[in-house]
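The next block holds one structure in the form of structure tokens; read it before the comments.
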Amino acid sequence: MKKLIVFILLIISAISSANVRMPILFSDGIVLQRDKQIPIWGFADANESVEIHFNKQIKKTTADKNGKWTVNLAAEKAGGPFELVVIGKNKITIKNVLVGEVWICSGQSNMEFQVSKTINAEKEIADANYSMIRHFGVAQDLSGTPKDDLKQGKWQVANKENVGNFTAVGYYFARKLYSELKIPIGIINTSWGGTNVETWTSREAFEKSNEFKSMIANVPTVDINAIFENYKKSVLDNLKKVQGFDVSMENEDQFKNPNFQDKSWPEIKVPSLWENQQIGNIDGIVWMRKTIVLTAEQAKKQAVLHLAKVDDEDKTYVNGVEVGTNNLWDKKRIYEIPANVLKEGTNVIAVRITDYSGGGGIYGDPEDLKIDFKDSKLPLEGLWKFNVIKVRIEVSPNSYPSLLYNAMVNPLVPYAIQGVLWYQGEANVWRAKQYKKAFPLLINDWRTKFKQGNFPFYFVQLSTFDEFGGNSQKGSRWAELREAQSETLKLPNTGMAVTTDIGNAKDIHPTNKQDIGLRLAAIAMNNIYGKKQVHSGPTYKSQEIKGNQIILTFDNVGSGLSTPNNDELKGFEIAGADKVFHSAKAIIKDNKVIVSSDQVQNPVAVHYGWADDDTAINLFNKEKFPASPFRTDNWEMITANEKYSVSK
């Protein structure tokens with residue numbers, strides 16, 4: 001009997017080890033790239049013979065000593081559906097395979113941003129009926145070393161059941177391409193909110209970079225468990241340094257009490273997400289308190305507390321009385337304050353916030369943060385006390401370089417693609433100058449890894465967002481990051497969609513992703529698909545100083561420079577040798593812009609849209625593409641000395 005059991009186990013072991021296996025990416029509904037060699041790869045036993053059938057092609061190969069095998073199918077024209085059959089000691093049939101255009105969509109939360117959250121989402125979802133558009137969602141994952149396969153993911157058809165969860169930028173781009181080309185379009189969405197560019201770049205790229213090789217030399221190749229322990233210590237040590245005391249839930253019941261003494265608690269700006277401030281990118285529980293002083297008349301009035309939005313869950317107290325709770329991260333908090341809760345003199349608002357993932361804290365429009373007394377209001381914007389009492393310790397994608405490249409990009413290599421769409425940079429504004437090297441490094445890295453030449457790499461320039469109130473006087477990290485993105489256009493076969501006119505200064509996630517997709521598609525249609533057209537806005541070329549005026553020349557003027565409704569030009573500033581910028585008068589003449597100010601008699605430099613919030617700027621071409629923000633000087637910026645480093 002024992003011999004029989006052993007024999008059966010050996011048979012089962014032999015069968016399981018013999019199975020040829022395909023990466024998760026190769027699954028039903030897949031879209032393969034047309035008009036290029038098509039790499040197909042998988043796993044089998046060492047030296048196992050493998051045969052691949054596709055359309056009229058048959059290819060044979062043998063797995064190497066590690067069980068990895070790869071073949072290159074000859075290029076195919078757009079079409080399908082087909083079947084892809086892989087035969088080893090077992091047989092795999094992948095059904096409903098299309099051949100068309102494949103684009104990788106990557107970056108942080110604005111690329112991750114789903115169709116269901118965009119403007120007109122209900123109609124967009126109801127109208128989705130595109131069997132030729134397919135979306136592959138790469139499951140979020142981390143790894144200290146390059147992985148062979150993805151954690152999870154699947155191909156889905158763009159219909160009303162699925163499309164709500166697609167990357168919005170990618171989907172609207174794909175839909176436009178399909179309307180023009182009428183061939184299958186595949187988008188591979190590998191994105192993660194709040195992530196910096198360094199986590200998407202391979203270790204090998206850093207090792208070959210003069211800018212980063214000393215940094216990476218001090219970063220050990222470690223497994224996730226070791227990363228976790230280092231990260232845990234780093235997070236807790238940092239929070240103790242910020243707060244002046246340990247993270248602890250002890251005595252938290254007292255924190256809602258208006259008599260609790262919170263003088264030792266540090267302060268944080270509200271409304272604004274934690275990750276943009278000293279708390280950093282943590283998930284967990286934080287108490288926040290605001291002390292206000294009311295008159296006797298105010299205390300007697302009917303009052304409503306407006307708490308903007310809270311990411312993710314809040315329990316809100318006024319003078320120790322719970323007035324409301326909600327667990328929807330994007331829902332405005334509006335809570336009626338019961339009668340007799342408010343009093344003359346000192347009152348305390350206390351909020352227990354639980355953040356489960358991503359950004360955390362009270363955020364949104366400052367106008368939505370107030371106590372409304374109907375005939376008057378008390379603003380609550382400003383500094384609030386805080387105490388982090390619990391941290392959910394998980395390794396952040398930003399804890400070490402290359403974590404997302406290893407887990408969410410390397411397993412895609414060497415899949416045949418047409419190009420990449422990229423929307424990222426918000427997490428790098430603190431190191432905007434270094435982004436001039438970090439971003440091109442990533443682009444060249446991916447091109448090297450995929451071995452498909454200088455494939456198209458199109459990206460979205462950061463839109464307006466008033467994170468720090470930055471401007472020409474104080475300096476602007478966001479403007480500097482936009483400049484770094486503009487300079488990346490020096491790389492061959494790149495393109496940039498400018499979004500200054502479709503952002504939201506009070507929301508880091510603008511909901512108009514339709515126009516972003518269309519602008520990226522316009523670049524692709526012009527550069528790749530033979531539809532020659534104006535596809536970008538004016539870009540600064542040169543300046544000429546004449547007396548008290550500076551005359552600006554632009555590229556990409558299309559059929560002419562303009563403003564919406566022929567309005568007066570806005571957003572231009574001018575400075576002399578003292579480097580002090582003044583708001584300037586600007587006019588369009590002969591497709592040039594003439595800038596001047598009565599306060600600057602000997603001008604040397606111009607800024608356009610040089611601010612975190614550049615909503616008001618309005619230089620376009622007549623094709624309605626906005627001009628990219630720029631500066632004509634090369635004076636040192638506020639991020640000049642900020643460098644990427646890994647905490648030990």
Side-chain angles (χ1 to χ4, degrees), residues 251-274 276-277 279 285-355 359-389 466-467 469 504-508 511 613 615:
N251 299 321
E252 74 155 316
D253 287 343
Q254 301 178 28
F255 299 163
K256 63 186 177 186
N257 188 329
N259 297 319
F260 175 78
Q261 296 298 310
D262 58 17
K263 290 181 180 179
S264 65
W265 289 16
E267 294 179 321
I268 195 169
K269 178 186 173 185
V270 176
S272 183
L273 295 173
W274 299 333
N276 303 323
Q277 301 187 73
I279 293 179
I285 302 173
V286 179
W287 278 89
M288 300 182 72
R289 287 169 54 99
K290 179 75 170 177
T291 299
I292 57 175
V293 178
L294 302 178
T295 65
E297 183 181 356
Q298 287 174 317
K300 293 175 183 177
K301 290 181 178 179
Q302 183 180 355
V304 178
L305 173 63
H306 294 252
L307 207 59
K309 300 177 183 179
V310 180
D311 192 347
D312 291 294
E313 180 179 340
D314 71 292
K315 283 189 178 181
T316 299
Y317 304 85
V318 176
N319 290 337
V321 176
E322 184 175 335
V323 297
T325 183
N326 200 306
N327 62 4
L328 300 176
W329 68 273
D330 58 349
K331 181 78 171 178
K332 288 183 181 179
R333 271 50 169 183
I334 303 175
Y335 301 138
E336 288 190 15
I337 301 175
N340 302 319
V341 169
L342 296 177
K343 61 183 182 178
E344 180 183 2
T346 299
N347 295 258
V348 175
I349 302 165
V351 187
R352 187 184 194 267
I353 301 173
T354 304
D355 176 35
I362 301 171
Y363 74 104
D365 189 339
E367 292 294 319
D368 293 329
L369 194 64
K370 62 189 176 183
I371 297 180
D372 191 344
F373 297 105
K374 287 195 173 180
D375 59 345
S376 63
K377 64 179 181 179
L378 177 68
L380 298 175
E381 176 189 7
L383 296 176
W384 286 51
K385 296 282 190 176
F386 75 89
N387 182 351
V388 182
I389 66 167
D466 193 16
E467 183 169 16
N504 184 340
K506 297 172 182 176
D507 190 346
I508 201 169
T511 56
D613 176 6
T615 304

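Below, each value reflects all heavy atoms present in this structure, side chains not excepted, and no hydrogens, waters or symmetry copies. Numbering starts at 1 and runs along the sequence shown.
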Exercise. Within a strict 4.5 Å, meaning less than it, do heavy atoms of the W274 and M288 side chains meet?
Worked result: yes
Problem set entry | Side chain to side chain, Y363 and N276, heavy atoms closer than 4.5 Å | no
Problem set entry | Distance in Å, N326 CG paired with K332 NZ, rounded so as to fall on 0.5 Å steps | 13.5 Å
For this session: Find out whether V318 and I371 are in side-chain contact, i.e. whether some heavy atom of one side chain is under 4.5 Å from a heavy atom of the other.
Result: no
For this session: Quick one: do D262 and R289 satisfy salt bridge (charged side-chain N to carboxylate O under 4.0 Å, His left out)? Show the steps, please.
Result: CA-CA 8 Å; D262 58 17; R289 287 169 54 99; 2.7 Å; yes
Problem set entry | Residue pair V270 / F386, side-chain heavy-atom distance below 4.5 Å | no
Problem set entry | NZ-CG distance between K300 and L342, expressed to the nearest 0.5 angstrom | 13.0 Å
For this session: Might you work through the side chain to side chain contact (heavy atoms under 4.5 Å, CB included) test for L294 and L378, ending with a clear yes or no?
Result: CA-CA 9 Å; L294 302 178; L378 177 68; 3.7 Å; yes
Seminar exercise, completed: Correct closest heavy-atom pair for E252 and W287 would be OE1-NE1, 2.8 Å
Exercise. Heavy-atom distance under 4.5 Å between the side chains of V310 and T316, does that happen here?
Worked result: no
Exercise. At their closest point, which heavy atom of G364 faces which heavy atom of P271, and how far apart are they?
Worked result: O-CG, 3.5 Å
Problem set entry | Minimum heavy-atom distance between A308 and I362, given as atom pair plus value | CB-CG2, 4.4 Å
Exercise. Under the 3.5 angstrom rule, does the side chain of K506 hit a backbone N or O of D466 as a donor-acceptor pair?
Worked result: no
Exercise. Restricting to pairs with a member in residues 369-382, which pass salt bridge (Lys or Arg N to Asp or Glu O under 4.0 Å), not counting sequence neighbours?
Worked result: K301-D375, E367-K377
Exercise. Taking it one step at a time, do Y335 and D314 satisfy side chain to side chain donor-acceptor pair (under 3.5 Å)?
Worked result: CA-CA 12 Å; Y335 301 138; D314 71 292; 2.9 Å; yes
Problem set entry | Point-to-point distance, once rounded to the nearest 0.5 Å, from CG of L273 to CD1 of I268 | 9.5 Å
Exercise. Less than 4.5 Å apart, any side-chain heavy atom of L369 and any of P379?
Worked result: no
For this session: Applying side chain to side chain contact (heavy atoms under 4.5 Å, CB included), run through R352 and K256 and close with a yes or a no.
Result: CA-CA 8 Å; R352 187 184 194 267; K256 63 186 177 186; over 6 Å; no
Exercise. Using the benzene-type ring in the case of Trp, are the ring centres of W265 and F255 under 6.0 Å apart?
Worked result: yes
For this session: Mind listing the closest non-hydrogen atom pair of H306 and L380 along with its distance?
Result: O-CD1, 4.4 Å
Problem set entry | Nearest non-hydrogen partners of V341 and N347, listed with the distance | O-OD1, 4.3 Å
For this session: Starting at CD of E467, measure out to CG of D613 and round the result to the nearest 0.5 Å.
Result: 12.0 Å
Problem set entry | Greater than 12 external heavy atoms within 6.0 Å of E322's CD | yes
Exercise. Would a 4.5 Å heavy-atom cut-off, applied to side chains only, mark D355 and D311 as touching?
Worked result: yes
Problem set entry | Atom pair CD1 (I285) and CG (N387), whose distance is rounded to the nearest 0.5 Å | 11.5 Å
Problem set entry | Shortest non-hydrogen contact from E336 toward V304 | CG-CG2, 4.2 Å
